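What follows is a single structure, written as structure tokens, with notes after it.
Nothing fancy with the numbering, it's 1 onward along the sequence. In this text, all values refer to a predicted model and were calculated from it rather than measured experimentally. One-based numbering, in listed order, for ligands and for the atoms of each.
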Amino acid sequence: MLEDPMEELRRPELFDFHGVSMTNPFTDNWDNVQNFKARPDDIVIATYPKAGTTWVSYIIDLLYFGHMGPARQTSIPLHDRVPFLELYVPFLPSGTDLADKLPTTPRLIKTHLPVQFVPKSFWEQRCRVVYVARNAKDNAVSYFHFERMNSGMPEPGDWSTFLQDFMEGKKVFGSWYDHVNGWWEKKQTHSNFHYMFYEDLIEDYEKEIERLCSFLGVSPSAEEKERVRVSVTFDNMKQNNMTNYSTVPVMNQEVSPFMRKGKVGDWKNHFTVAQNEQFDEDYKKKMKNPDLKFRCEI
Ligand SMILES: Nc1ncnc2c1ncn2[C@@H]1O[C@H](COP(=O)(O)OS(=O)(=O)O)[C@@H](OP(=O)(O)O)[C@H]1O
């Protein structure tokens, strides 16, 4: 029995973990994560939280396994088909266990880890990596609402507190700036790497899917592509209980739905003029690589 019956209701606290802000659900299984045995055909879907992980995971899942028919799509939540590598919740199968037991190949594996924490076997096995990045302002807004609705995450505080913490990297999985830059640098040395932007996917879905298919080496028929396109629209994923996280008890979708808005530019409804100026000033100092460019409107 828990010593304190409120213990399980308390939100996790952030702490410094090898220089990155983390919480227990993502560090408690650390040895198994670090010793995870990747296979050469594994596909890693890596993101900073709220960058479009679920969307891209579902696209890739359907590209590989859509042909298995509706039973799989309607009975197994996406988060069981694409395990979250570092997630550990007592009494539930860990991300590493779920990945080990996946019945299908290639295994699709999701991670939010900053690049320096990724198990080395993924690099040794030269696994394919799909990294999805989203502009910092919309990413922050989406993360704020996610923390509000998810009691498995730390308390976000009010929007201005949250934004300050975001800029200082005091969020689970650390600094957005370090994350997108770290993975971008990895792309320069790991050849099996596809870096995608949420904004591109919103703006020109067809083109992005062509590029993704070519990277993955898959050639869906026109009918298959159309089935994927329809399934992964924002509205259809919002209605779909296998992709909208409605089955996850820590998420209170009445506070804010997981499938919230799915737009580029919602930051304009949150940032004050002063917050925007301060953010831009800080952004310029942290984002010095001219090759890594984000669009916060399209
Ligand atoms: N199909 C589709 N089209 C457009 N946008 C989509 C789609 N699917 C998910 N989303 C939006 O992605 C945001 C959730 O990000 P993640 O899936 O990375 O969240 S998580 O880190 O896995 O919790 C979250 O963004 P916000 O709406 O801005 O909060 C989702 O709405």
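- Protein heavy atom nearest atom 2 (C) of ligand 1, with residue, atom name and distance: W55 CD2, 3.4 Å.
- For K110, every heavy-atom contact with ligand 1 shorter than 4.0 Å involves the side chain, none the backbone.
- Between the side chains of S142 and N139, not a single donor N or O lies within less than 3.5 Å of an accepting N or O.
- Note on K171 versus E147: salt bridge recorded, some NZ/NE/NH1/NH2 to OD/OE distance being below 4.0 Å.
- In this structure, T233 counts as a contact residue of ligand 1, since one of its heavy atoms falls inside 4.0 Å of the ligand.
- Using a 4.0 Å cut-off between a side-chain N of Lys or Arg and a carboxylate O of Asp or Glu, K286 and D178 do not qualify as a salt bridge.
- A heavy-atom separation below 4.0 Å is not found between K263 and ligand 1.
- Between R211 and D204 there is no salt bridge, since no side-chain nitrogen of the basic residue lies less than 4.0 Å from a carboxylate oxygen of the acidic one.
- With a 4.0 Å cut-off on non-hydrogen atoms, D138 does not touch ligand 1 at all.
- Under 4.0 Å from ligand 1, not a single heavy atom of Y58 appears.
- The shell of residues lying under 4.0 angstrom from ligand 1, judged by heavy atoms, excludes Y48.
- In terms of N/O distances under 3.5 Å, ligand 1 is approached by Y198.
- The shortest N or O to N or O distance between A51 and ligand 1 is below 3.5 Å.
- Applying the 4.0 Å criterion to heavy atoms of M237 picks out, from ligand 1, the atoms 1 (N), 8 (N).
- Of the N or O atoms in G262, one or more lie within a sub-3.5 Å distance of an N or O in ligand 1.
- Closest protein heavy atom to atom 31 (O) of ligand 1: F234 CE1, 3.3 Å.
- Between the side chains of T96 and N29, at least one donor N or O sits under 3.5 Å from an acceptor N or O.
- For the pair T105/R39, a side-chain contact is recorded, criterion being any heavy-atom separation below 4.5 Å from C-beta on.
- Residue-ligand proximity: R134 is placed with a non-hydrogen atom under 4.0 Å from ligand 1.
- Residue F84 places every heavy atom at 4.0 Å or more from ligand 1.
- For ligand 1, none of its N or O atoms has an N or O atom of Y245 under 3.5 Å away.
- Among the atoms of P49, none of the N or O lies under 3.5 angstrom from an N or O of ligand 1.
- The shortest N or O to N or O distance between K261 and ligand 1 is under 3.5 Å.
- Residue Y64 is grouped with residue V232 when hydrophobic side chains (ILVMFWY) are merged at heavy-atom distances under 4.5 angstrom, including chains of intermediate members.
- Of the charged side-chain nitrogens involved, none lies within less than 4.0 Å of a carboxylate oxygen, so that K225 and E206 do not count as a salt-bridged pair.
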- Message: Could you walk me through whether N244 and N241 satisfy the side chain to side chain donor-acceptor pair (under 3.5 Å) test, starting with their C-alpha distance in whole Å, then the side-chain angles of each, then the deciding distance to 0.1 Å, before giving a yes or no?
- Response: CA-CA 5 Å; N244 63 14; N241 287 336; 3.3 Å; yes
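- Taking every heavy atom of T53 and a limit of under 4.0 angstrom, the matching atoms of ligand 1 come to 16 (P), 17 (O), 18 (O), 20 (S), 21 (O), 22 (O).
- Considering backbone and side-chain N/O atoms, M259 never comes within less than 3.5 Å of an N/O atom of ligand 1.
- Results of the ring pair (Phe, Tyr, Trp, His ring centres under 6.0 Å) test with F173 over F26, Y48, W183 single out F26 as the only residue that passes.
- Ion pair E155/R11 flagged as a salt bridge, since at least one NZ, NE, NH1 or NH2 atom sits closer than 4.0 Å to an Asp/Glu carboxylate oxygen.
- Residues K137 and N276 have side chains that bring a donor and an acceptor to within less than 3.5 angstrom of each other.
- Scanning the protein heavy atoms around atom 17 (O) of ligand 1, the nearest turns out to be T54 OG1, 2.5 Å.
- Checked against Y195 for a side-chain contact (heavy atoms from CB on, under 4.5 Å), the options V129, V180, V130 give a single hit: V180.
- With a 4.0 Å cut-off on non-hydrogen atoms, R260 touches ligand 1 through its backbone as well as its side chain.
- Residue contacts with ligand 1: V232 is included, with a non-hydrogen atom under 4.0 Å away.
- By the 4.0 Å N-to-carboxylate-O rule, K207 lies too far from D200 to be salt-bridged with it.
- With a heavy-atom cut-off of 4.0 Å, S142 touches ligand 1 through backbone and side chain alike.
- Atom 23 (O) of ligand 1 has K50 NZ, 2.9 Å as its closest protein atom, hydrogens excluded (heavy atom only).
- Annotation: atom 30 (C) of ligand 1 to nearest protein heavy atom, F258 O, 3.9 Å.
- Residue F146 has at least one heavy-atom neighbour below 4.0 Å for each of these atoms of ligand 1: 23 (O).
- No hydrogens or angles considered: a donor-acceptor pair under 3.5 Å links the side chains of R126 and S191.
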